[in-house]
Amino acid sequence: MKQGRTPVIAGNWKMHKDRDEALQFIYKVNEEVPSNDLVETVICASDVLLRCLVKRQGDNLKIGAQNMHFEEKGAFTGETSPRVLENTGVTYVIIGHSERREMFAETDESVNKKVHAALKFELTPILCVGESLDIREAGTTNEWVKRQVVAALYNISHEEIEKIIIAYEPIWAIGTGRTATPEQAEETIKAIRDVVRELYNDSIAENIRILYGGSVNPGNIESLLAKENIDGALVGGASLDPASYLQLVDAALKKQKNNRC
Ligand code: 13P
């Protein structure tokens with residue numbers, strides 16, 4: 001993690017937690033998270049929980065969605081409009097998570113449309129990219145991820161790119177307990193930063209936040225954040241428990257304070 005980039009610890013609850021569980025979490029965590037100019041803390045929950053979480057969010061913890069449609073309105077049964085997310089007070093949205101790409105036929109083209117729509121409605125996109133185990137073993141991870149980034153950022157302007165957070169999540173590391181080593185994560189995240197440099201410029205590449213996701217937990221977060229290019233984490237399982245989520249936030253806060261000394 002490099003000085004100047006505010007770290008992000010984003011929880012992705014996926015299809016976990018009912019209303020009571022979500023409320024218990026937010027009441028415990030709200031007062032404990034640091035000011036978001038030190039660490040940006042975000043919880044991405046199921047759509048039906050979003051309003052109740054937004055109503056109870058404190059000054060620092062932000063609420064995000066896990067997906068949305070790219071159209072503002074229309075005949076899209078079961079989908080959620082970015083405009084409605086904005087109205088609801090949601091400020092972040094995960095786009096292109098591998099579970100959506102693999103199980104719900106999300107394509108590079110729809111991911112790109114969603115990134116545009118999120119920006120239009122002032123939602124911060126957390127754009128996910130990542131390779132399967134086959135690609136990792138074939139040694140073509142960086143090419144794969146580079147192609148996903150280029151496709152997702154098609155026609156995104158220099159002003160808009162600064163608002164995007166990218167999350168590198170190797171599919172083989174998600175929910176498996178098999179984290180990428182800090183070196184593997186750093187190498188691919190640096191390659192992503194270099195793609196942003198090629199597409200935009202040095203200053204944008206140095207400012208954009210790029211997270212790692214895939215079996216992050218309180219035991220491995222520090223070694224990941226020790227790497228220069230890793231600016232935080234997108235966390236599934238370890239974000240469900242308030243104490244574990246707060247440990248991740250604490251690790252980012254410590255790193256941030258050390259960087260500023
Ligand atoms: P886990 O942290 O449970 O591996 O999930 C990662 C993830 O998919 C976050 O979006």
Side-chain angles (χ1 to χ4, degrees), residues 7-17 21-22 25 29 39-47 49-50 53 61-68 90-104 106 111 114-115 118 123-133 135-136 141 144-145 148-149 152 164-182 184-186 188-189 192 209-225 227 230-252:
V8 182
I9 301 292
N12 174 8
W13 282 353
K14 307 192 179 182
M15 207 172 69
H16 295 289
K17 289 205 191 285
E21 291 162 344
F25 180 100
V29 165
V39 180
E40 259 173 63
T41 52
V42 187
I43 289 295
C44 299
S46 305
D47 283 359
L49 298 174
L50 292 173
L53 290 173
L61 186 70
K62 302 293 178 209
I63 304 301
Q66 299 172 4
N67 178 42
M68 58 172 213
V90 166
T91 43
Y92 291 72
V93 59
I94 297 174
I95 292 179
H97 192 281
S98 60
E99 286 154 15
R100 297 221 50 93
R101 292 182 193 250
E102 288 197 319
M103 291 186 258
F104 301 96
E106 191 114 320
V111 167
K114 289 181 183 195
V115 172
L123 301 162
T124 299
I126 303 178
L127 163 66
C128 297
V129 295
E131 82 289 3
S132 64
L133 189 57
I135 292 168
R136 167 66 53 179
T141 295
W144 175 269
V145 168
Q148 285 184 319
V149 171
I164 297 175
I165 296 170
I166 300 178
Y168 166 56
E169 297 205 310
I171 298 169
W172 48 271
I174 294 179
T176 59
R178 184 179 166 191
T179 326
T181 64
Q184 285 173 319
E186 170 71 3
T188 302
I189 288 179
I192 294 172
R209 273 89 53 81
I210 311 181
L211 317 182
Y212 167 76
S215 296
V216 173
N217 61 48
N220 58 29
I221 184 82
E222 283 180 22
S223 59
L224 290 159
L225 294 179
K227 295 293 179 193
I230 304 181
D231 302 319
L234 179 57
V235 188
S239 73
L240 295 172
D241 173 57
S244 147
Y245 179 73
L246 287 170
Q247 280 178 275
L248 300 172
V249 173
D250 209 42

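Note that the coordinates shown come from a computational prediction; the quantities given were computed from them, not determined experimentally. Values below: all heavy atoms of this structure, side chains included; hydrogens, waters and symmetry mates excluded. Each ligand, and each atom within it, is numbered from 1 in the order the structure gives.
Close approach of ligand 1 to E169 (heavy-atom distance below 4.0 Å) involves ligand atoms 6 (C), 7 (C), 8 (O), 9 (C), 10 (O). With ligand atoms numbered from 1 in the order given, ligand 1 contributes 9 (C), 10 (O) to contacts under 4.0 Å with heavy atoms of L234. Near A173, the atoms of ligand 1 lying under 4.0 angstrom from a non-hydrogen atom of the residue are 4 (O).
Of all protein heavy atoms, the one lying nearest to atom 5 (O) of ligand 1 is K14 NZ, 3.3 Å. Regarding atom 2 (O) of ligand 1, its nearest protein heavy-atom neighbour is G236 N, 2.8 Å. For atom 3 (O) of ligand 1, the closest non-hydrogen atom of the protein is G237 N, 2.9 Å.
At a cut-off of 3.5 Å, with distance as the only test, no side-chain donor of H97 or Q66 sits close to an acceptor on the other residue.
From I94, atom CD1 reaches atom NZ of K114 across 12.0 Å, with rounding to the nearest 0.5 Å. Distance CG/L53 to OG/S46: 9.5 Å, rounded to 0.5 Å. Interatomic distance, T179 OG1 to W172 CH2, rounded to the nearest 0.5 Å: 8.5 Å. To the nearest 0.5 Å, atom CZ of residue F25 and atom CD1 of residue I43 are 4.0 Å apart. How far NZ of K14 is from CD1 of I174: 5.5 Å, rounded to the nearest 0.5 Å.
Contacts of N12 with ligand 1, taken as heavy-atom pairs under 4.0 Å, involve the side chain alone.
For the pairing with I9, the side-chain contact (heavy atoms from CB on, under 4.5 Å) check across L234, V42, L246, I221 returns one residue only, I221.
Put simply, part of G175 is less than 4.0 Å from ligand 1, judged by heavy atoms. Residue contacts with ligand 1 do not include A10, since none of its heavy atoms lies under 4.0 Å from the ligand.
At a 3.5 angstrom cut-off on N or O pairs, A238 does not count as close to ligand 1. For ligand 1, none of its N or O atoms has an N or O atom of T176 under 3.5 Å away. Looking at E99 next to ligand 1, no N or O pair under 3.5 Å apart turns up. The N/O atoms of V235, backbone and side chain alike, include none that comes under 3.5 Å of an N/O atom in ligand 1.
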Test side-chain contact (heavy atoms from CB on, under 4.5 Å) applied to L133 and R178, step by step: CA-CA 11 Å; L133 189 57; R178 184 179 166 191; 3.7 Å; yes

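Annotation for C44 and I126: closest pair SG-CD1, 4.5 Å, computed over non-hydrogen atoms.
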